[in-house]
Chemist: 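Below is the structure I would like to discuss, written out as structure tokens.
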Amino acid sequence: MPPASEVPNRDTDTVRRVVRWFEGNGRTLPWREAADHAWGVLVSEVMLQQTPVARVLPLWREWMARWPSPEALAGASPAEAVRAWGRLGYPRRALRLRECAAAIVRDHQGQVPCEESVLRALPGLGDYTAAAVVSFAFGTRTAVLDTNVRRVIARVWGGEALPPGHTTRAERVRALALVPDDPKESVRWNIGAMELGALVCLSRNPRCDECPIQDRCAWLDAGRPGLGVRTTPRQPWHGSDRQVRGRILALLREASAPINLTEHASLENVDPGQLDRCLESLVADGLARLVSAEQGTFGL
DNA sequence: TAAACGTGGTA
DNA sequence: TTACCAAGTTT
């Protein structure tokens, strides 16, 4: 544990102001409307990992209509899940979500577990998602630490432009200290802090003049230092394995039958070695299937 | 622990 | 146009 000097006061008043702001400014999103539907919350949280709300909305509606329960999704094939994932990105999430559904059916009587540690053990659910599900779907008091909440806390109580590259122990301690004792209020704070980070306390262009706690922000007080400082270098995209894997997967999603990928016209400009490497990794990930080695054909 | 993992909107 | 970035997880 860090020394007590690093643990801020509860700061109940600032927390309450964020909650009030959310009540008047929060978006009405479908997975919030039916917050008692744990499966819907879980699906939304997985889809929202590193993915903007606007892109998730139509896919979430499709998935909930098609697979309204863990049992329903558990009955789908991996290929169906990957195809239905469309262009949401990080398609391994589709496989893991389906595996998650199967585990829920197999080990939890088809009911989404309500314990954070149990959820954390399911495929595709990490610290953030497990906390989000117990908070938003079950109303349990816990600290939900996503990139939005981390940024809000880093600025308001830390005076820093951005949180560290990975979640630190100190961040968790500080975050938990801010969570209200009352479970219902803790949920409002979690979702309100996330929404504040998503709509106002933006990473690059924060709208501090619209912020309900601008007079409580250590970072704004300090003159917003460090904005625009590059933290982690980005990997090049053009020509990367990621790009090639994405192109391959796009072809596989569209194809209704196995297709030749080693001599595919749209992959002509890809280095054969890289193509082989990407195909191999996709097969290893369960995102592609070698149908015929002789013909070089693959399917989902 | 660092690196890998998709995609498309925005400035 | 390039670069950033959006409710992270896994190995």
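Chain letters run A, B, ... following the sequence lines, proteins first, then strands; residues in each count from 1. All values below come from the heavy atoms of this structure, side chains included, with hydrogens, waters and symmetry mates left out.
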Chemist: Let me spell it out: for each of A:Pro123 and A:Glu195, pick the nucleotide of DNA chain C with the closest heavy atom. Which residue's pick is nearer the 5' end?
Modeler: A:Glu195
Chemist: Quick one: A:Trp85 CH2 to B:dC5 P, roughly how many Å, whole number?
Modeler: 18 Å
Chemist: Identify, between A:Thr129 and A:Leu202, the residue whose nearest nucleotide on DNA chain C lies closer to the 5' end.
Modeler: A:Leu202
Chemist: Does C:dC5 have OP1 or OP2 under 4.0 Å away from a side-chain N or O of A:Ser203?
Modeler: yes
Chemist: List, one per line, each side-chain donor-acceptor pair under 3.5 Å for residues 111-134 of chain A, sequence neighbours excluded.
Modeler:
from	atom 1	to	atom 2	distance (Å)
A:Glu116	OE1	A:Thr142	OG1	2.8
A:Arg120	NE	A:Asp127	OD1	2.6
A:Arg120	NH1	A:Leu125	O	3.2
A:Asp127	OD2	A:Arg172	NH2	3.4
A:Tyr128	OH	A:Glu45	OE1	2.6
A:Thr129	OG1	A:Gln49	NE2	2.9

Chemist: Roughly how many Å is it from CG in A:Leu122 to P in C:dT9, rounded to a whole number?
Modeler: 12 Å
Chemist: Quick one: does A:Arg247's side chain have a donor or acceptor within less than 3.5 Å of a partner on A:Leu267's backbone?
Modeler: no
Chemist: Taking the minimum atom-to-atom distance to the side chain of A:Arg245, which one of C:dT9, B:dG6, C:dC4 wins?
Modeler: B:dG6
Chemist: Does A:Arg66 come within less than 4.0 Å of A:Glu80, counting only side-chain N to carboxylate O?
Modeler: yes
Chemist: So what is the 5' to 3' dot-bracket string for DNA chain C, if pairs are Watson-Crick or G-U wobble with both distances under 3.5 Å, crossing pairs use [ ] and | means the partner sits on another strand?
Modeler: .|||||.||||
Chemist: Determine the interatomic distance between C1' on C:dT11 and the same-named atom on B:dT7; round to the nearest Å.
Modeler: 23 Å
Chemist: Under a 3.5 Å threshold, yes or no: a donor from one side chain and an acceptor from the other, between A:Ser135 and A:Asn190?
Modeler: yes
Chemist: Rounded to the nearest Å, what distance is computed from the CG atom of residue A:Leu29 to the P atom of nucleotide C:dA6?
Modeler: 17 Å
Chemist: For A:Gly40, does its backbone N or O pair with a side-chain atom of A:Trp60 as donor and acceptor, under 3.5 Å?
Modeler: yes
Chemist: Rounding to a whole Å, what distance do you find between A:Glu45:CD and C:dT9:C1'?
Modeler: 14 Å
Chemist: Mind checking if A:Leu249 touches a base, just sugar-phosphate, or nothing, with heavy atoms under 4.0 Å?
Modeler: nothing
Chemist: Between A:Arg277 and A:Gln274, is the side chain to side chain contact (heavy atoms under 4.5 Å, CB included) condition met? List the steps.
Modeler: CA-CA 5 Å; A:Arg277 183 171 68 243; A:Gln274 183 182 30; 3.5 Å; yes
Chemist: Give one of base, sugar-phosphate or nothing for A:Val144, where a contact means two heavy atoms less than 4.0 Å apart.
Modeler: nothing
Chemist: Check whether any side-chain N or O of A:Arg93 sits under 4.0 Å from OP1 or OP2 of C:dT9, and answer yes or no.
Modeler: no
Chemist: A:Leu282 has an atom CG; how far is it from atom P of B:dA4, in whole Å?
Modeler: 16 Å
Chemist: Which value, rounded to the nearest 0.5 Å, describes the distance between A:Phe298 atom CZ and A:Leu279 atom CG?
Modeler: 4.5 Å
Chemist: Return the value, rounded to whole Å, for the distance between atom CZ of A:Arg207 and atom C1' of B:dA11.
Modeler: 13 Å
Chemist: Taking N and O atoms by type only, does the side chain of A:Arg55 place a donor or acceptor under 3.5 Å from a partner on the base of B:dT7?
Modeler: yes
Chemist: Looking at every strand, decide which applies to A:Ala54 at a 4.0 Å heavy-atom threshold: base, sugar-phosphate, or nothing.
Modeler: nothing
Chemist: Let's test your reading of the model: under 3.5 Å, does the base of B:dG6 pair with the side chain of A:Thr51 as donor and acceptor?
Modeler: yes
Chemist: Salt bridge or not between A:Arg150 and A:Glu171? Use side-chain N to carboxylate O under 4.0 Å.
Modeler: yes
Chemist: Could you tell me whether the phosphate oxygens of C:dG8, OP1 or OP2, come under 4.0 Å of any side-chain nitrogen or oxygen in A:Gln50?
Modeler: yes
Chemist: Using the P atoms only, state how far B:dG8 lies from C:dT9, rounded to an integer number of Å.
Modeler: 22 Å
Chemist: For C:dA7 and B:dC5, measure between their P atoms and round to the nearest Å.
Modeler: 23 Å
